[in-house]
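Throughout, a chain's letter reflects where its sequence line sits, starting with A, and its residues are numbered from 1. Only a predicted model underlies this, so the values are computations on that prediction, with no experimental measurement involved.
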Amino acid sequence: MPELPEVETIRRIIERELSGQHVDEVVVRLPKLLRNSPIPSLDPIVGQELVSARRRAKVLILDFGEDLTLMIHLKLAGQVAVIHSDGRRFVAGHPVPDPSGPYPHKSTHVEIRFAADSVLYISDLRQFGWFRLMPRTEVDQALDSFKFGPEAFGPEMVTLDYLRDRLIRRSIPIKTALLDQSVLAGLGNIYVDEALHRARIHPAISANVVTGDSLNSLHEAIGWALNEGVRQGGAKIVHNKAYPVDGFPAVHGRAGEPCLNCGAEVEKIRIGSRGTYLCAVCQPEPMPAKDGNRNRR
DNA sequence: TGCGTTGTTTCACC
DNA sequence: CGGTGAAACAACGC
């Protein structure tokens with residue numbers, strides 16, 4: 001499911017393979033995915049040049065011509081494929097439909113054909129994603145409305161000090177706090193589990209007790225997990241089961257399998273109504289404060 | 001067949 | 001009132 005690393009991988013593919021090309025034709029097979037789109041049709045991009053591919057958190061931002069911008073959120077099952085006329089193809093995001101199979105597919109909802117016969121196929125098995133076409137002038141305002149915190153990855157990555165400020169007054173589970181896109185933007189369920197595992201922090205502990213060296217490790221681990229995801233072009237997870245590459249992911253999607261750090265059996269629990277994977281050996285639950293302890297001295 | 005899946009929104013509660 | 005947790009919602013595959 002497309003989280004930040006998958007979206008970043010898609011952004012890089014589009015930038016590299018399609019920027020500078022002009023749109024020849026647009027096919028929208030499922031118009032309802034243009035939910036709340038300021039411009040209710042994709043037709044205006046026909047004839048326009050794809051000038052840049054940007055990303056903010058998990059939102060993909062494609063700029064067309066002088067003044068049009070298409071925002072895309074792939075939610076949990078979006079997939080993007082670029083296929084050139086010579087047959088070369090580049091696919092990232094959700095692993096279904098089969099990236100090596102024929103396109104368009106039953107769940108390919110938008111097709112953007114370019115003048116040089118390259119085609120951008122956007123698929124979404126679950127149909128939870130959305131497309132919004134708007135004047136370029138409205139982009140900042142649209143992004144503001146999402147109330148994103150600092151980026152979780154890249155040159156604009158959230159600083160340790162900012163993270164400390166945002167966590168210190170929260171008593172919700174650290175995992176829940178990290179998934180709050182207004183705290184930091186772009187971390188999702190897969191990579192938060194991996195970052196907490198790397199930092200050896202139990203996902204259920206209160207956010208305000210993650211301090212000092214532990215918080216430092218967490219900050220480093222967030223960057224590490226997302227970078228590892230980008231390096232691999234997205235984690236390989238099919239039907240909620242992970243297929244680790246180079247030991248990553250180490251816990252997410254691996255319930256009942258050995259932790260790739262220590263060999264203990266990976267557990268699955270629920271935190272904030274999210275499926276949560278952890279290694280109880282690498283990420284011990286801190287001793288609950290007992291009345292006896294609290295009263296002693 | 002009901003469950004799991006994400007991000008967003010809404011609601012009850014203290 | 002704000003912080004919190006839980007539920008509803010979008011839709012589909014297994």
Side-chain angles (χ1 to χ4, degrees), chain A residues 1-8 10 29-37 55-61 71-80 92-99 101 105-110 122-132 142-149 151-152 165-195 203-209 226 229 234-243 249 251-256 266-277:
Chain A
M1 48 208 76
E3 291 194 25
L4 187 152
E6 287 79 5
V7 178
E8 176 62 18
I10 287 165
R29 294 197 177 75
L30 196 60
K32 71 169 183 180
L33 294 184
L34 276 77
R35 316 172 214 270
N36 304 316
S37 178
R55 178 187 60 75
R56 174 73 169 110
K58 303 169 198 172
V59 179
L60 182 63
I61 304 169
M71 281 193 190
I72 303 171
H73 200 305
L74 299 167
K75 289 290 183 86
L76 73 160
Q79 184 212 67
V80 170
H94 198 69
V96 182
D98 179 5
H105 177 275
K106 188 172 68 177
S107 59
T108 303
H109 308 306
V110 172
I122 304 172
S123 309
D124 184 352
L125 188 70
R126 291 279 182 271
Q127 304 175 22
F128 284 5
W130 51 251
F131 296 75
R132 288 179 194 164
L143 289 176
D144 285 349
S145 75
F146 297 135
K147 306 252 187 293
F148 287 139
E151 281 287 310
D165 280 353
R166 290 302 304 267
L167 297 179
I168 196 65
R169 275 171 248 288
R170 307 297 296 275
S171 61
I172 55 176
I174 182 64
K175 167 165 175 169
T176 305
L178 295 175
L179 287 176
D180 181 343
Q181 303 292 298
S182 73
V183 171
L184 78 168
L187 206 55
N189 206 27
I190 298 170
Y191 298 92
V192 75
D193 281 356
E194 294 304 306
I205 69 170
S206 176
N208 57 14
V209 306
L226 292 172
K236 192 168 182 209
I237 295 179
V238 187
H239 293 142
N240 235 13
K241 178 176 165 53
Y243 296 85
V251 289
H252 190 92
R254 303 192 57 252
V266 172
E267 297 178 13
K268 183 177 184 184
I269 63 176
R270 294 196 82 80
I271 294 177
S273 74
R274 288 287 178 265
T276 300
Y277 300 85

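In the set B:dT6, C:dA11, C:dT4, the nucleotide with an atom closest to the side chain of A:Leu76 is B:dT6. The A:Gln181 side chain lies nearest to B:dT8 when the options are B:dT6, C:dC12, B:dT8. Residue A:Tyr277 places its side chain closer to B:dT5 than to any other of C:dA11, C:dT4, B:dT5. Of all nucleotides listed (C:dA11, C:dG5, B:dG4), B:dG4 comes nearest to the side chain of A:Asn240.
Atom NZ of A:Lys241 and atom P of B:dG4 are 18 Å apart (whole Å). Protein atom CG of A:Asp124 is 14 Å distant from nucleotide atom P of B:dT6, rounded to whole Å. The NZ-C1' distance, from A:Lys106 to C:dC12, rounds to 9 Å in whole Å. Spacing between atom NZ of A:Lys32 and atom P of C:dC9 amounts to 15 Å, rounded to whole angstrom units. Atom pair A:His105:NE2 and C:dC12:C1' shows a separation of 12 Å (rounding to whole Å applied). We find that CD of A:Gln79 is positioned 20 Å from P of C:dA11, with the value rounded to whole Å. Computed from coordinates, the A:Leu74 CG to C:dC12 C1' distance equals 17 Å when rounded to whole Å. Across the protein-nucleic acid pair, A:Asn189 atom CG and B:dT5 atom P stand 8 Å apart, rounded to whole Å.
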The contact string for nucleotides 9-14 of chain B, one letter per nucleotide 5' to 3', using protein heavy atoms under 4.0 Å with B, S and - for base, sugar-phosphate only and none, comes out as ------
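Annotation: of the two residues near DNA chain C, A:Pro173 and A:Leu125, the 5′-most nearest-nucleotide partner is A:Pro173. Residue-to-nucleotide proximity on DNA chain B shows that, of A:Phe148 and A:Gly275, the 5′-proximal contact is made by A:Gly275. Both A:Arg274 and A:Arg126 sit near DNA chain B, but only A:Arg126 has its closest nucleotide nearer the 5' end.
Looking only at side-chain heavy atoms (C-beta outward), A:Asn189 and A:His252 come within less than 4.5 Å of each other. Proximity of A:Gln79 to A:Val96: side-chain heavy atoms (C-beta onward) are nowhere separated by under 4.5 Å. Within the 4.5 Å cutoff, the side chain of A:Glu151 has heavy atoms near those of the A:Arg56 side chain. No side-chain heavy atom of A:Lys268 sits less than 4.5 Å from a side-chain heavy atom of A:Thr276.
Within the nucleic acid shown, A:Lys147 has no heavy atom closer than 4.0 Å to any nucleic acid atom. In this structure, A:Arg170 reaches the sugar-phosphate backbone alone: every heavy-atom distance under 4.0 Å involves primed, P, OP1 or OP2 atoms, never a base. Using a 4.0 Å heavy-atom cutoff across all strands shown, A:Ser171 reaches sugar-phosphate atoms only and no base atom.
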Given side chain to side chain contact (heavy atoms under 4.5 Å, CB included), test A:Val110 with A:Leu33 step by step and report yes or no. CA-CA 9 Å; A:Val110 172; A:Leu33 294 184; 5.6 Å; no
Where do A:Gln127 and A:Lys75 land on the side chain to side chain donor-acceptor pair (under 3.5 Å) test, with the steps shown first? CA-CA 9 Å; A:Gln127 304 175 22; A:Lys75 289 290 183 86; over 6 Å; no
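Judged purely by atom type and a 3.5 angstrom limit, A:Gln181 uses its side chain to pair as donor or acceptor with the backbone of A:Leu187.
Under the 4.0 Å criterion applied to side-chain N and carboxylate O atoms, A:Asp193 and A:Lys175 are assigned as salt-bridge partners.
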